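Single-structure report; data block below.
Note that the numbering runs from 1 along the sequence shown for the chain. Note that the coordinates shown come from a computational prediction; the quantities given were computed from them, not determined experimentally.
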Amino acid sequence: MSLVTRCNVCGTAFRVQRAQLSARGGKVRCGKCAAVFDGVAGLVEEGAEMLRLEPSPQLGLFDPSRRPQRAAVRAVPADDEDLPVPEFLAREEPRRHAWLWGLAALVAVLALAAQAAYRYRTELAVLAPETRPALLAACRTLGCTLQLPRRPDLLGIESSDLQADGKRENVIILNAVLRNRAPFPQEYPALELTLTDDADRPVVRRVLRPADYLEPARMAQVAAGIAPGGEAAFRLSLDASRARATGYRLYLFFPQ
């Protein structure tokens with residue numbers, strides 16, 4: 001806590017610290033007229049208790065009679081109502097290289113945004129279709145791929161049946177219709193076909209990729225995916241000569 005003392009020669013008020021008064025036995029030098037006076041006796045702060053100096057072995061070192069007057073603390077002059085702040089405290093340090101920090105922060109934000117766009121490029125292309133061309137161009141440069149969304153919960157097998165081919169022996173025909181219930185296009189899924197016997201035990205299991213169940217003429221449509229709310233029907237012939245199957249199970253999934 002700072003105190004205010006008044007020079008008994010010129011009447012100028014000063015701001016002093018308790019430590020200053022204690023260090024010099026209460027003696028301070030006036031910053032205006034250079035007179036040395038008793039700062040404790042000159043305290044003028046309202047409600048302030050008079051400073052009580054504690055004796056110490058070193059107190060004699062600060063006895064004014066044994067030291068030149070220049071050893072006294074030089075106080076800073078101040079007005080009674082508005083004591084000024086010393087110039088070295090009032091002067092604001094210039095901000096050096098502030099623009100470099102701003103540039104570094106901007107680069108960091110852009111890098112984070114680019115990383116997020118790369119990580120969630122598929123979702124971004126779905127939410128903002130206008131960004132898809134730019135994302136495709138970026139993937140060509142970066143060597144990545146822009147896949148269509150994979151939401152198996154919004155993709156289902158609308159219908160399917162498995163029957164023997166009446167024209168060819170030991171050949172069965174799988175017919176199925178896939179339906180995309182999402183409001184955005186989805187990638188063609190993989191299908192797991194399991195042939196079962198009379199006890200519904202698996203006899204043969206096979207995973208079918210889009211290239212396996214789509215006709216060659218329709219492979220160009222794979223990149224576009226299944227349209228929003230659209231259907232994809234296919235017919236697939238399978239050799240059943242090595243399996244005596246009477247039933248089947250068909251599931252769709254997206255490989256990891």
Side-chain angles (χ1 to χ4, degrees), residues 1-131 134-135 137-139 141-144:
M1 174 181 176
S2 62
L3 304 174
V4 178
T5 186
R6 187 183 300 277
C7 177
N8 58 1
V9 177
C10 65
T12 303
F14 302 89
R15 187 188 300 278
V16 293
Q17 302 291 331
R18 289 179 179 268
Q20 291 177 314
L21 296 178
S22 299
R24 298 294 185 267
K27 298 297 182 180
V28 295
R29 184 185 299 278
C30 178
K32 185 174 182 180
C33 67
V36 177
F37 65 99
D38 189 346
V40 177
L43 288 175
V44 296
E45 186 175 68
E46 294 185 5
E49 298 180 359
M50 297 298 291
L51 184 66
R52 184 177 181 181
L53 300 177
E54 297 291 337
S56 70
Q58 292 80 19
L59 190 58
L61 298 177
F62 304 106
D63 189 346
S65 63
R66 300 176 58 184
R67 297 177 59 85
Q69 289 188 348
R70 65 173 179 270
V73 177
R74 186 176 181 86
V76 181
D79 295 333
D80 286 343
E81 297 181 358
D82 188 13
L83 300 176
V85 179
E87 182 180 356
F88 73 93
L89 292 178
R91 184 173 62 253
E92 184 177 357
E93 286 292 329
R95 295 184 179 181
R96 301 178 180 177
H97 309 301
W99 66 273
L100 287 178
W101 286 106
L103 180 61
L106 178 61
V107 171
V109 171
L110 292 177
L112 182 61
Q115 185 178 6
Y118 177 82
R119 172 64 178 82
Y120 299 102
R121 57 189 183 275
T122 298
E123 291 80 357
L124 183 60
V126 172
L127 296 176
E130 63 275 10
T131 64
L135 292 173
C139 277
T141 302
L142 299 175
C144 60

Taking all non-hydrogen atoms of both residues into account, name the closest pair between V4 and A13 and its distance.
CG1-CB, 4.0 Å
For T5 and D38, which heavy atoms make the closest approach, and how far apart are they?
OG1-O, 4.5 Å
The criterion is disulfide (SG to SG under 2.5 Å); which residues satisfy it with C10, sequence neighbours excluded?
none
Using disulfide (SG to SG under 2.5 Å) as the criterion, list what pairs up with C33, not counting sequence neighbours.
none
With a 4.5 Å cut-off on side-chain heavy atoms, are T12 and R6 touching?
no
